[in-house]
Amino acid sequence: MAIGIFDSGVGGLSIAQQVRTLLPHEEIIYLADSGHAPYGEKSQQYILQRCSKIIQCLIDKGATLVVIACNTATVSAISALREAFAIPIVGVEPGIKTAVKSCKSGVVGILATTQTLKSASFQQLAQRFSNEIKVEAQACPGLVEQVEALHLTGDKTQALVAQYVQPLLNKGADHLVLGCTHYAFLAPVISQVAGPNVSIINTAIPVALEVARRLDAEGLASASAAAGGESFFSSGEQKLAHRQFNALWGNTVKVESF
């Protein structure tokens, strides 16, 4: 038995890291669909087709629970995927609720992909809090590609981040919600651009807690006292995939083709 985790690329490793920390005895299978990234500019039908193929692959590899570690895939396809597959599927959505609890300015900024912001699911999520807070959304084309290329710092990345963050600051946002798992790896740059008075919110820890809850509820939690292993797969170019995973996971790992 294993936890299957996937994303359009390597951004979901930010979720996988929290799952590993919280659940040290579980097996993890991570699949990066980097060969088809970014999902944020793709059609809903295309995303659903890719996700269906990936989930079936993870099941074939032994996954008994799947985490869609991708905001775009979650809002675009999770309902249809839950109907199509019998195993538990955990998604990820922008942490607006967390931001609202501590917002003082009355404005929360959302950084996300174009497809996430266009989705009915996101619109409903934002509307749910519209009486309490003003939600300002900012599409961020190019940020996923910067992470996939491991351009996590540097002038171009900082300029691109500033291009998207500054309009939200100008509107008074005191919280910036990371509405894409890739953006967690840009959090230091986002925080630097936003300044010390702006809080950065990502959802990796809540997602990991939900995974633990679902494993217990479904009777799928590992009974082993041994440390769980990890398997990594990528649909992207293999030399780049090895550099990506070794840089972002934190130690040398083997990455197989998908």
Side-chain angles (χ1 to χ4, degrees), residues 1-37 39-40 42-95 97 115-116 119-122 124-125 180-181 203-224 226-235 255-258:
M1 295 195 299
I3 300 168
I5 303 174
F6 77 93
D7 181 28
S8 62
V10 293
L13 287 172
S14 60
I15 301 288
Q17 287 168 338
Q18 291 296 335
V19 171
R20 167 50 70 230
T21 299
L22 187 64
L23 301 166
H25 306 301
E26 301 292 340
E27 294 292 321
I28 291 175
I29 306 168
Y30 185 92
L31 197 155
D33 197 20
S34 294
H36 298 263
Y39 283 178
K42 302 288 198 306
S43 71
Q44 188 169 351
Q45 185 59 35
Y46 183 91
I47 293 167
L48 177 58
Q49 289 173 348
R50 289 304 303 167
C51 290
S52 297
K53 182 176 181 179
I54 290 166
I55 290 176
Q56 188 58 58
C57 177
L58 290 169
I59 291 171
D60 292 345
K61 294 180 183 300
T64 53
L65 177 147
V66 167
V67 181
I68 305 177
C70 174
N71 292 78
T72 300
T74 297
V75 299
S76 299
I78 195 167
S79 295
L81 293 168
R82 282 174 170 161
E83 289 182 10
F85 294 96
I87 68 170
I89 298 176
V90 175
V92 55
E93 64 179 22
K97 183 177 181 179
Q115 187 63 36
T116 292
S119 71
S121 295
F122 174 77
Q124 291 165 5
L125 178 65
C180 171
T181 54
T203 54
I205 292 175
V207 171
L209 289 168
E210 176 62 10
V211 170
R213 189 191 72 78
R214 290 299 299 276
L215 288 176
D216 284 340
E218 303 285 346
L220 298 173
S222 173
S224 174
E230 299 102 25
S231 302
F232 299 98
F233 299 86
S234 175
S235 64
V255 183
E256 298 179 57
S257 294
F258 159 67

Note, [X] side chain near [Y] side chain (heavy atom, < 4.5 Å):
{"X": "Asp33", "Y": "Phe6", "answer": "no"}
{"X": "Ser234", "Y": "Phe258", "answer": "no"}
{"X": "Thr21", "Y": "Val19", "answer": "no"}
{"X": "Val211", "Y": "Ile3", "answer": "yes"}

**Request:** Mark yes when over 12 heavy atoms from residues, nucleotides or ligands other than Ile205 sit less than 6.0 Å from its CD1; otherwise mark no.
**Result:** no
Has [X] got a side-chain atom pairing as donor or acceptor with [Y]'s backbone, closer than 3.5 angstrom?
{"X": "Arg20", "Y": "Glu26", "value": "yes"}
{"X": "Tyr30", "Y": "Leu13", "value": "yes"}
{"X": "His25", "Y": "Ser222", "value": "no"}
{"X": "Ser119", "Y": "Phe122", "value": "yes"}
{"X": "Glu27", "Y": "Met1", "value": "no"}
{"X": "Arg82", "Y": "Ile89", "value": "yes"}
{"X": "Thr74", "Y": "Gly91", "value": "no"}
{"X": "Thr203", "Y": "Gly95", "value": "no"}

**Fill in**
Heavy-atom nearest pair, Val67 first then Ile15, reads CG1-CG2, 4.2 Å
**Item:** Minimum-distance pair of heavy atoms, taken over all atoms of Pro94 and Leu125
**Value:** O-CD2, 3.6 Å
Does a side chain donor of either [X] or [Y] reach within less than 3.5 Å of an acceptor in the other side chain?
{"X": "Asn71", "Y": "Thr116", "answer": "no"}
{"X": "Asp7", "Y": "Tyr39", "answer": "no"}
{"X": "Thr181", "Y": "Ser14", "answer": "no"}

**Request:** Carefully, step by step, assess Phe232 and Ile28 under the rule side chain to side chain contact (heavy atoms under 4.5 Å, CB included).
**Result:** CA-CA 8 Å; Phe232 299 98; Ile28 291 175; 5.8 Å; no
**Message:** Here's one to test your reading of the geometry: is the NZ or CZ of Lys61 within 45 degrees of the ring axis of Phe233 and under 6.0 Å from its centre?
**Reply:** yes
**Request:** Under the salt bridge (Lys or Arg N to Asp or Glu O under 4.0 Å) rule, collect the residues that match up with Glu93, sequence neighbours excluded.
**Result:** none
